[in-house]
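Working notes for the structure below.
Whatever order the structure lists them in is the order used to number ligands and atoms, beginning at 1.
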Amino acid sequence: MDYIDKYPDKLGKFGEFGGMFAPEILMPALNELIEAYEKHVCDERFMNELNQILKDYSGRPTPLYFAKRYSEFIGCKVYLKREDLNHGGAHKINNVMGQALLAKKMGKTKLVAETGAGQHGFATAIAGAYFGMPTKVFMGEVDIKRQAYNVYRMQLLGTEVVPVKSGSKTLKDAVNEGLRYWISNLQDTHYLMGSVVGPHPYPLIVRDFQRIIGKEIKEQIIKLENKLPNAIIACIGGGSNAIGAFYEFIDDDAIQLIGVEAAGKGKETNKHSIALGLGRRGVLHGAMQYLLQNEYGNIIETHSISAGLDYPGVGPEHCHLKELSRLKVGEANDNETLEAFKNLSQIEGIIPALESAHALAYLEKNRKDFSTLDIVIVNLSGSGSKDLSIVAEHVDFKIKPKNLLL
Ligand SMILES: Cc1ncc(COP(=O)(O)O)c(C=O)c1O
């Protein structure tokens, strides 16, 4: 496939997806961001400065860890890309430090962001403190309750967490309110988008800041195995950790790229977040994408046990890759995810984020697709420390993982 660096086009389109479906009043700010992207992000010096910060402050490169016991459990060679070991406990910091540095170069003095699981909000709070920029984070009331630990962490770093009471009181509504706030504060504030969603140039900028995951994977797996993997699996909320892990491998058709969505309580209950798998084309937050909507085009409320995947849409590049049959779309429901959460914790001593546990659950369900010598990389997008209270309500830790001799 001849894909890398071809998309988006000048209008921010990935095939028929993406674009700039934004109100007139936002266009100057988006155009300013496009200019800043072309001037700075495409400049090697900017990327060197960012990479230095990620190395010294966030702890990159993150390890690519051969999970020996989990491999025996699954039946193929499983490597985990340890994004959970980043400062802040997730991949979000890669993008956040990039955008905050860009905002500084643009002369912005304040940051505003949305958050679902709180990981992006926490990462933005870190950047706010690091760069000395006052920060506001919009968060749905439902998410504030289920991610209280991250709310406290953000506040501890001096960030103002603004509760969102509209709609389903989750991520979609937090983005709405954050963008609304930005529109009234364009002069001095940068809107720090947390995933590869939103109007152009956000899906492009966030992808480029997350590409470091796949670049490292490529170098590391060649060193460890002297060959490329058979498959890479990542969970998809908006899609930033997945595109980051996949991007360097898109042109190599032999490598399966598998994105896993949250099937929540199951398709039949209508309480899920399977936007790529079940959505129809529509516009949300400035971009054409696959979207969960009813027959009148109204957005359906989604459900996932993991706040970070609880989003009715999905990044436009993923939609395009699905359309090109380059991305395989998988799913895992809440119960399968909790089982995988427990399995990795007890087999490897690594507590994954519930979001990342969706990717593990897919692998556990589909282990027969892989043979003993196949190499499968799972992007462990974050740590589960933020999820312990949710998991404690659902999981009996005394029951050991099946098929395992402990
Ligand atoms: C640990 C973790 N993984 C994954 C996600 C999903 O986001 P994305 O699809 O942009 O990687 C989130 C979102 O909050 C997260 O916190």
In terms of side-chain geometry, is the basic nitrogen of [X] or [Y] positioned less than 4.0 Å from the acidic oxygen of its partner?
X      : Y      : answer
Lys136 : Glu114 : no
Glu216 : Lys81  : yes
Glu348 : Lys68  : no
Glu49  : Lys105 : yes
Arg69  : Glu72  : no
Lys77  : Glu225 : yes
Lys6   : Asp2   : yes

So which heavy atom in the protein is nearest [atom], and how far is it from that ligand atom?
atom                   : result
atom 8 (P) of ligand 1 : Ser240 N, 3.4 Å
atom 6 (C) of ligand 1 : Gly308 O, 3.5 Å
atom 5 (C) of ligand 1 : Glu355 CG, 3.8 Å
atom 3 (N) of ligand 1 : Ser381 OG, 2.7 Å

What are the atoms of ligand 1, with element, lying closer than 4.0 Å to any heavy atom of [X]?
X      : result
Gly382 : 1 (C)
Gly237 : 9 (O)
Ala117 : 14 (O), 16 (O)
Ala353 : 1 (C)

Polar-atom distance check: [X] versus ligand 1, any N or O pair below 3.5 Å?
X      : answer
Lys92  : yes
Ser195 : yes
Ser356 : no
Leu309 : no
Cys235 : no
Gln119 : no

Exercise for review: Examine ligand 1 and decide if any of its atoms is less than 4.0 Å from a heavy atom belonging to Gly239.
Suggested key: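 Gly239: in contact with ligand 1 (<4.0 Å).
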Review point. Looking at ligand 1, does His91 have a heavy atom less than 4.0 Å from it?
Key: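 Contact present.
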Point to revise | Modelled atom types, side-chain donor and acceptor of Asp310 and Ser304, under 3.5 Å | key: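 Absent: no donor and acceptor within the cut-off.
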Check your understanding: Which class fits the ring pair Tyr191 and Tyr202: parallel under 30°, tilted 30 to 60°, perpendicular over 60°?
Key ->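 Tyr191 vs Tyr202 ring planes: perpendicular.
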Point to revise | Geometric cation-pi criterion, Arg207 with Tyr247: 6.0 Å, 45° | key: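 Ring-cation test returns yes.
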